[in-house]
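Data block below; observations after.
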Amino acid sequence: MFEKWFNERWFLRIVAVLLAIMLYLMVAGSNSTGKSDAASLLPIAGQGSAKFDVPVTVNYDETQWVAYNIPETIETTVKGPSSSLTMLRLVKDFGLSIDLTGLDPGYHRVRLAANGFGKDVEVTPKQETIEVFLDKKVTKEVPVQVALLNKNKIAEGYVVGEAQPTRQTVSVTGGAEKLQAITAIQVPIDVTGRAETFTESFNVKATDANGNTISATYDPEQLDVTVPVYKESKTVPINVETTDAVKKGYKVVKIVPVITEARLYGTKEELSRIGSVNTEAVSLKGLTKTVDRTVKLVEPDNVTAMEPTSITVSIVVEKENAKATTETVEDRAEKTISGIPVTLNGFDEAKYTIDYEQTIDLVVRGSEADLASIDATDIKAVIDVTGLKEGTHGLPISYQTSKAFDVLRPDNMDITLKAIPRTSVQTN
């Protein structure tokens, strides 16, 4: 209970007053009798001086103005009766103030006023005036600019996308003249050695041309920035290799891989050298009927990964002299159809820009009669990008047509989504 009282200002004031009365009585008693043992034990009796770090308060309309260059405290010398100094030490109910009411924007030298020290002490601040800069209070929306540092030092085989701050702008409140120096909230992020997407948090602050932090209020005070990091990749067609022969009297009508393309990961330099991947040789030995075989892909040298690593291959076999229910190999043909437009579903133009091949060349297989009548107007290529985040994505292509043929390639396409670049800046 006593500990709680000692934290109350009214209790400390009562104690200070009682001590002052006691000291006064002891000093008075000492003067009338010539000596007081109690007074001799209390060197704080009589006159003295003390130094205080005195808080500075400002009187002005804080909803309309912002004041700069005001120190939090000023060292102040106080001289007077020791009893009064003791009470000041205990209560600390004093301060220095300046009044800015009615002043115009700009620099002003304003005199300090002492408050709460009492009339029986002499108060001398280390400085009697303060040069204050008064500015009109404004709020400004400032864009967030993320600078990605050391992009050339990212982990080998990886690339970095556009940074994604949780807020594209920050509300900055402060003096109008000071805020003129703020054109953006700069957020530097080092991506050295990064090999996966990561998020970092930053305390929001703005600096002037000299790198000095500008005193202002920020909303929000903290930002999270997500930096997408993804592997460098490329899609290439799959070539099916075969060995041996089917049983005598039979023939191979077609060999159809269920998946016709593979995605390779590695450095851009290595990927540029690779045009396709091969399967391990599929044995046709003794085949007399159509079969499905699972076969591994041969991973090229110097790639870091490959997807998939194996595929299923359908091998269509029938008798040479049979009236086949399927077309014979002589009846089958391949054709390349150029300039097929690619349609995107689910693309959010408000958040991202997109980079992709807007037209593709399609390799198809079918009967010669059917292929002869097919052109780019008969085929629609569609890619769904609904809900995708920034980065490069290998997406399947859906084909819509009323004609009969098999699509050999391409099965998929690389689509790169980037955040709208008005709020992100990248530097090496």
Side-chain angles (χ1 to χ4, degrees), residues 1-103 106-135 137 174-175 213 215-217:
M1 180 175 69
F2 287 105
E3 182 180 353
K4 182 178 179 181
W5 286 358
F6 276 107
N7 291 326
E8 297 290 341
R9 178 169 289 184
W10 61 267
F11 180 76
L12 294 176
R13 286 178 175 175
I14 293 174
V15 171
V17 171
L18 292 175
L19 286 174
I21 294 172
M22 181 182 71
L23 291 171
Y24 174 78
L25 292 175
M26 286 188 291
V27 172
S30 175
N31 290 338
S32 62
T33 62
K35 185 176 182 180
S36 170
D37 291 339
S40 66
L41 297 174
L42 296 169
I44 58 175
Q47 297 291 313
S49 68
K51 290 184 178 181
F52 299 90
D53 288 328
V54 181
V56 179
T57 59
V58 188
N59 182 27
Y60 69 107
D61 186 354
E62 296 185 23
T63 65
Q64 300 293 326
W65 302 94
V66 178
Y68 295 96
N69 305 336
I70 299 172
E72 293 184 4
T73 62
I74 293 179
E75 184 182 282
T76 302
T77 301
V78 182
K79 296 180 180 179
S82 297
S83 58
S84 296
L85 297 179
T86 300
M87 185 163 60
L88 289 174
R89 289 190 184 95
L90 290 172
V91 178
K92 296 183 179 180
D93 189 19
F94 51 78
L96 298 171
S97 64
I98 57 174
D99 189 0
L100 305 181
T101 305
L103 297 181
Y107 285 95
H108 304 275
R109 184 161 290 280
V110 185
R111 183 170 294 277
L112 289 159
N115 308 298
F117 288 92
K119 296 180 179 180
D120 57 345
V121 295
E122 178 185 342
V123 180
T124 307
K126 191 173 184 178
Q127 59 187 89
E128 295 184 351
T129 62
I130 300 176
E131 187 176 52
V132 177
F133 181 71
L134 190 64
D135 204 357
K137 190 173 190 177
T213 300
S215 177
T217 301

Original post:
What are the two closest non-hydrogen atoms of P125 and L112, and how far apart are they?
Top reply: CB-CD1, 4.4 Å
Subject >> Any F117 side-chain heavy atom under 4.5 Å of V78 side chain >> reply: yes
Original post:
Of the options H108, R111, R109, which is the one that meets T129 in a side chain to side chain donor-acceptor pair (under 3.5 Å)?
Top reply: R109
Original post:
side-chain contact (heavy atoms from CB on, under 4.5 Å) with S97: which of V54, N115, N59?
Top reply: N115
Original post:
So which heavy atom on I130 is nearest to which on P71, and how close?
Top reply: CD1-CD, 3.9 Å
**OP:** Check for a donor-acceptor pair, side chain of T76 on one end and backbone N or O of I74 on the other, with a separation under 3.5 Å.
**Re:** yes
Subject >> Donor-acceptor contact present, side-chain K137 to main-chain E62, <3.5 Å >> reply: yes
Subject >> K126 NZ to L96 CG distance, which is reported to the nearest 0.5 Å >> reply: 13.5 Å
Original post:
Side-chain contact, heavy-atom cut-off 4.5 Å: P81 with Q47?
Top reply: yes
**OP:** Measure across P55 and F94 and return the closest heavy-atom pair with its distance rounded to 0.1 Å.
**Re:** CG-O, 4.1 Å
**OP:** Considering non-hydrogen atoms only, spot the tightest contact between L85 and F52 and give its length.
**Re:** O-CZ, 4.4 Å
Original post:
Parallel, tilted or perpendicular: which describes the rings of F133 and Y68, with under 30° parallel and over 60° perpendicular?
Top reply: tilted
Original post:
Around atom CD of E128, are there more than 12 heavy atoms of other residues, nucleotides or ligands at under 6.0 Å?
Top reply: no
Subject >> Nearest atoms (heavy-atom pairs only) where V123 meets A114 >> reply: CG1-CB, 3.9 Å
Original post:
For Y107 and N69, what are the C-alpha separation, side-chain angles and deciding distance, and is it a side chain to side chain contact (heavy atoms under 4.5 Å, CB included)?
Top reply: CA-CA 10 Å; Y107 285 95; N69 305 336; 3.8 Å; yes
Subject >> Gap separating the CH2 atom of W65 from the CG atom of L100, nearest 0.5 angstrom >> reply: 10.0 Å
Original post:
For V58, which of V110, V132, I70 qualifies under side-chain contact (heavy atoms from CB on, under 4.5 Å)?
Top reply: I70
Subject >> Smallest separation among heavy atoms of A50 and R89, with atom names >> reply: CB-NH2, 3.4 Å
